[in-house]
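See structure below.
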Amino acid sequence: MACQSHTLECLDCGRIYEDEYNLACRHEKPLDYASFNKRWCNSLLRASYQDKKLVFEDEPGLFRYGRWLPVKQYYKTESGPVTYRSEGLARELGLKNLYIGFCGYWPERNARTLTCSFKEYEAFPTLQRVVETGGKSLILASAGNTGRAFAHASNLTGVPVTIVIPETARKRLWIPGEAGEKISLICIKGDYFDSIQLAGNISARQGMRKEGGARNVARRDGMGTVFLDGAAAMKRMPDRYFQAIGSGTGGIAAWEAALRLIGDGDYGKTLPKLELSQNLPFAPMHNAWKDGRREIIPEDMPDAKKSIEKMHTDILSNRSPPYSVRGGVYDALTDCGGRIWAVENREAVSAGRLFESSEEIDILPAAEVAVASLIKAVEEGAVDSDEYILLNVTGGGQERLMRERDTSVIKPSLTVNDIDAQLGDLL
Ligand SMILES: *Cc1c(COP(=O)(O)O)cnc(C)c1O
Ligand SMILES: [Zn+2]
């Protein structure tokens with residue numbers, strides 16, 4: 001393997017690894033009885049890049065920030081975040097320095113993220129990292145924006161992916177153009193948990209890498225490009241970063257990007273305040289953080305299943321987010337200072353309307369939750385009118401894209417009844 005321009009550091013024990021697509025520290029702690037259940041480091045690994053200065057690559061999309069992505073080679077894509085200074089929404093809210101990090105489709109602004117969410121910024125570097133570390137293909141369970149993003153990126157790059165989803169969510173798996181042969185879609189007659197289990201069983205097969213969620217540095221640093229692009233547009237560190245969260249991975253990514261920018265030295269020395277938001281009635285991290293707890297307890301998500309059904313968008317539901325883990329959401333909020341807002345469905349809907357009328361583009365329900373949190377923050381006097389605010393519109397332009405581009409729903413390669421299904425040679 002050629003020399004890599006990054007290493008991976010365990011935030012728990014400090015060990016440093018060459019990147020072999022590690023998703024966790026392998027360090028086994030000496031057994032002591034106090035931490036009997038915690039023999040392994042419980043920490044995210046963090047990528048450390050040779051370049052301490054932010055260098056802009058001559059690339060049209062997210063690989064503009066390729067030096068701070070855990071890959072050696074870039075795939076040519078226009079997919080990437082676009083940051084602009086808001087006029088319409090800024091005027092409505094009385095904010096002088098509101099910047100919008102737009103992730104989606106909006107040709108007038110050169111935004112060409114064709115699956116319309118920031119999950120695409122995770123997909124391209126992750127597939128590249130799989131290949132560069134000797135993997136052949138990737139498997140993941142996702143019935144939403146992540147599945148779509150990986151299907152699309154696989155279609156373009158030719159890196160095979162297997163996506164496992166509940167059969168009932170099939171319609172959500174559309175992509176621009178037609179799905180090629182590198183995508184296998186497996187539908188299971190079950191729920192999301194069954195999908196995750198089945199994906200886990202299959203991933204034991206040789207060469208199939210797991211996507212790994214927040215533990216995947218390519219995922220986090222890919223999402224972190226929204227923050228880097230925002231700071232590049234402002235030419236300074238944002239004072240506050242607003243984003244709707246389900247897992248909170250994007251919030252962790254913004255924090256890590258901010259730490260790197262502090263290392264650069266040209267963007268300021270103060271971390272941004274993280275203004276994250278969850279959608280009521282399902283807001284486990286909001287509840288834990290409000291009580292000052294590192295642990296999420298069952299009382300933080302009473303009636304989880306029913307609550308999730310009542311949400312404006314279940315994209316923001318996650319029952320086991322990377323909140324307590326070292327280097328996770330709790331640490332990010334503690335280090336930056338910040339909070340987790342809780343947003344009602346009706347607040348999200350009216351925020352969406354205000355955004356659409358003042359900025360003239362449709363946005364995804366999850367992004368509406370972030371806009372609602374910004375409105376609340378302004379109404380409560382929690383932000384000053386001249387602060388530099390980066391609002392991550394994590395997804396948008398989908399209605400626009402549907403009118404202007406051809407899309408197709410991916411056909412399943414296989415439908416199975418349960419997680420014990422015999423898959424044989426079908427994969
Ligand atoms: C995944 C997703 C989020 C939440 O991101 P996390 O930081 O992983 O919690 C927000 N908005 C959209 C559109 C998403 O697809
Ligand atoms: Zn460790």
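Quick caveat, the model's predicted, so the values are computed rather than measured. Note that ligands are numbered from 1 as they come in the structure, with each ligand's atoms numbered from 1 the same way. The figures here come from the full heavy-atom set of this structure, side chains too, leaving out hydrogens, waters and symmetry mates.
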In ligand 1, the atoms that come under 4.0 Å of a heavy atom of K119 are 1 (C), 2 (C), 3 (C), 14 (C), 15 (O)
Under a heavy-atom criterion of less than 4.0 Å, does A367 contact ligand 1? no
request  = Would you please test E9 and T7 for side-chain contact (heavy atoms from CB on, under 4.5 Å) and show each step?
outcome  = CA-CA 7 Å; E9 187 186 349; T7 52; 5.9 Å; no
Which protein non-hydrogen atom lies closest to [atom], naming both residue and atom, and how far is it?
atom: atom 7 (O) of ligand 1; answer: G250 N, 2.7 Å
atom: atom 8 (O) of ligand 1; answer: S247 OG, 2.7 Å
atom: atom 12 (C) of ligand 1; answer: T394 OG1, 3.4 Å

Is it possible for you to check whether [X] lies under 6.0 Å from the centre of the six-membered ring of [Y], through NZ or CZ, and within 45° of that ring's axis?
X: R46; Y: W255; value: yes
X: R260; Y: Y49; value: no
X: R405; Y: Y105; value: no

Next on the checklist: Looking only at distances, can you tell me whether any N or O atom of G246, backbone or side chain, sits closer than 3.5 Å to an N or O atom of ligand 1?
Outcome noted: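 By distance alone, the answer is yes.
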>> Looking only at distances, can you tell me whether any N or O atom of G395, backbone or side chain, sits closer than 3.5 Å to an N or O atom of ligand 1?
In response: no
The single option from E344, E275, E347 that satisfies salt bridge (Lys or Arg N to Asp or Glu O under 4.0 Å) with K376 is E347
Handout entry: Validation row: Y65, Y121 side chains within 4.5 angstrom (heavy atoms)
Key = no
Residue-level breakdown please: for [X] versus ligand 1, do any non-hydrogen atoms fall below 4.0 Å on the side chain, on the backbone, on both, or on neither?
X: T249; value: both
X: T146; value: neither
X: A244; value: backbone

_Gap separating the OG atom of S277 from the CE atom of M285, nearest 0.5 angstrom_ =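 Nearest 0.5 Å value for the OG-CE distance: 10.0 Å.
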SG (C10) - the Zn ion (ligand 2) - SG (C25) angle, nearest 10°: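 Reported to 10°, the angle equals 110°.
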